[in-house]
Amino acid sequence: MAKPVSSWPLVPRILVEFCVIFLQFSVAVTRDTINASKALSVGQTIASADQVFELGFFSPGNSSGRYLGIWYRNSSPKLIVWVANRESRLSDKDNSAILTIGNDRNLRLLDGKQSTVWSTNIATHVNSSFALLSTTGDLILKDTVSGGTLWESFQDPCSVLLNTNMMLGMNTKTGEKRVLTSWKNDDDPSPGNFTLGTVPQIPIQVFLWKGSAIYWRSGPWNGARFVGIQGSDTDYIDNYAVQQSNQMGTAYVAYNVYSNSSVFMIRLLPSGSLESIMLEDSGQWNVTWKAPASACDVYGTCGPFGVCNSNESPICKCQEGFLPKSNEEWSKGNWSSGCVRRTELLCWEWEK
């Protein structure tokens, strides 16, 4: 009678193979840090611990430049939420660029000639540091010993405000300003014409500027919402969190949309359009709110004493008792000069 063949000799081999595969997988997906001995090269990425965000090199659209940035891993198209060297691009032919920790403990982006293209550029007094891509999408430079934060990308936003306690605003006493700045165009992440931020006034408002001119505003905060933002994500609560102190000189806003299954963000497009977008289960992005919603939302479209109605053509008309200041400009669809009184007011200075 033949003896049964034992399967025991196969077990160690299977266990070894499983362990090797597991370890390889773990190394590939769990690295979320950069330190002095582990730089990031072209073609490599690190991911946040929850595998939502990814940091690496990319070239947008038809650009011949290469940039270091952060994006959502599981979205299509790839949506960049932060760019390090947006004003100092690398050549897309430079395959030797690296992100590393420099001798001064700063994060440094070096080109193929080992020249610094971008740096966190802060004064550090620590012996060792490392960079962590957090689950909030924040790239954080930390002191290796204390774990204290030395620098974070949330301090230097680009064109996206994440709903992960990322703040937009200013501190008049420290001089800190956190603003969103649009890309120049879809192929060029360098700063464009539009900027989103706050001003030190009470109640707080969010302003969108085109150059130095106001382009759109949120309206003042009434304690629950910005009165000028109509119908923005009405199915979700606590859309915005405001931190304002006249004594401290602070005026900050965070976009907090609470949903168990969805990712939200606000992004500023090169055109000056402001969008709230949600990541669907399919990996596609869906626009849930947009501003300016029409030409009437653009600040000063009809000028002084003008009335705007996007359902009429032309959209601008003068208040009763007023007429266009410049018929020539109004005939060309430029109403920004506004209106003047049809009949001037007659005022006298009474003799005493």
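We number each residue from 1, following the sequence as shown.
The SG atoms of Cys308 and Cys316 are placed at least 2.5 angstrom from each other.
The number of heavy-atom neighbours closer than 6.0 Å to NZ of Lys173, taken from other residues, nucleotides and ligands shown, is above 12. In the displayed structure, Glu87 atom CD is contacted under 6.0 Å by at most 12 heavy atoms of other residues, nucleotides or ligands. Within a 6.0 Å radius of CZ in Phe322, more than 12 heavy atoms belonging to other residues, nucleotides or ligands are found. Counted within 6.0 Å of CG on Asn246, heavy atoms from surrounding residues, nucleotides or ligands total 12 or fewer; the atom is thus considered open.
Without hydrogens or angle criteria, Asp94 side chain to Asp111 main chain gives no donor-acceptor distance under 3.5 Å. Side chain of Lys317 to backbone of Val307: no donor-acceptor contact under 3.5 angstrom is found. Although no hydrogens or angles enter the test, the distance criterion places no donor-acceptor pair under 3.5 Å between the side chain of Thr124 and the main chain of Val126. Proximity of a side-chain donor or acceptor of Asn106 to a complementary backbone N or O of Ile122 within less than 3.5 Å is detected. In this structure, the side chain of Arg105 engages the main chain of Asn127 through a donor-acceptor pair within 3.5 Å. Side-chain atoms of Asp297 come within 3.5 Å of backbone N or O of Ala293 as a donor-acceptor pair. No donor-acceptor pair closer than 3.5 Å links the side chain of Ser276 to the backbone N or O of Thr288. Proximity of a side-chain donor or acceptor of Thr198 to a complementary backbone N or O of Ala251 within less than 3.5 Å is detected. Side chain of Ser48 to main chain of Phe53: a donor-acceptor pair is present (N/O by atom type, distance under 3.5 Å, no hydrogens or angles). Checking side-chain atoms of Gln244 against main-chain N and O of Pro200 turns up no donor-acceptor pair under 3.5 Å.
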Start with the C-alpha gap between Cys318 and Arg342, add the side-chain angles, then the distance that decides, and say whether side chain to side chain contact (heavy atoms under 4.5 Å, CB included) holds. CA-CA 10 Å; Cys318 292; Arg342 190 180 300 274; over 6 Å; no
Show your working on side-chain hydrogen bond (donor to acceptor under 3.5 Å, both in side chains) between Asn171 and Arg178 and close with a plain yes or no. CA-CA 9 Å; Asn171 186 321; Arg178 298 188 184 187; over 6 Å; no
Would Phe207 and Gln201 count as a side chain to side chain contact (heavy atoms under 4.5 Å, CB included) here? Give the steps. CA-CA 12 Å; Phe207 284 87; Gln201 66 179 40; 4.2 Å; yes
Candidate pair Phe194 and Leu180, rule side chain to side chain contact (heavy atoms under 4.5 Å, CB included), full reasoning: CA-CA 8 Å; Phe194 295 91; Leu180 299 187; over 6 Å; no
Would Ser119 and Asn121 count as a side-chain hydrogen bond (donor to acceptor under 3.5 Å, both in side chains) if you check the C-alpha gap in whole Å, the side-chain angles of each, and the deciding distance to 0.1 Å? CA-CA 5 Å; Ser119 168; Asn121 196 30; 5.1 Å; no
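When the options Thr149, Asp143, Thr144 are evaluated for a side chain to side chain donor-acceptor pair (under 3.5 Å) with Ser146, the one that passes is Asp143. For the side-chain contact (heavy atoms from CB on, under 4.5 Å) with Leu99, the lone residue among Asn85, Leu110, Val42, Leu68 that qualifies is Leu68.
Looking only at atom types and distance, the side chain of Ser273 has no donor-acceptor partner in the side chain of Ser271 under 3.5 Å away. Residues Ser153 and Asp138 have side chains that bring a donor and an acceptor to within less than 3.5 angstrom of each other.
Relative ring orientation between Tyr67 and Phe58 is described as tilted, the plane-to-plane angle lying within the 30° to 60° band.
Two rings, from Tyr255 and Tyr240, have their centers less than 6.0 Å apart. Tyr299 and Trp216 have their aromatic ring centers separated by at least 6.0 angstrom.
Closest heavy-atom contact between Trp330 and Gly338: NE1-O, 3.4 Å.
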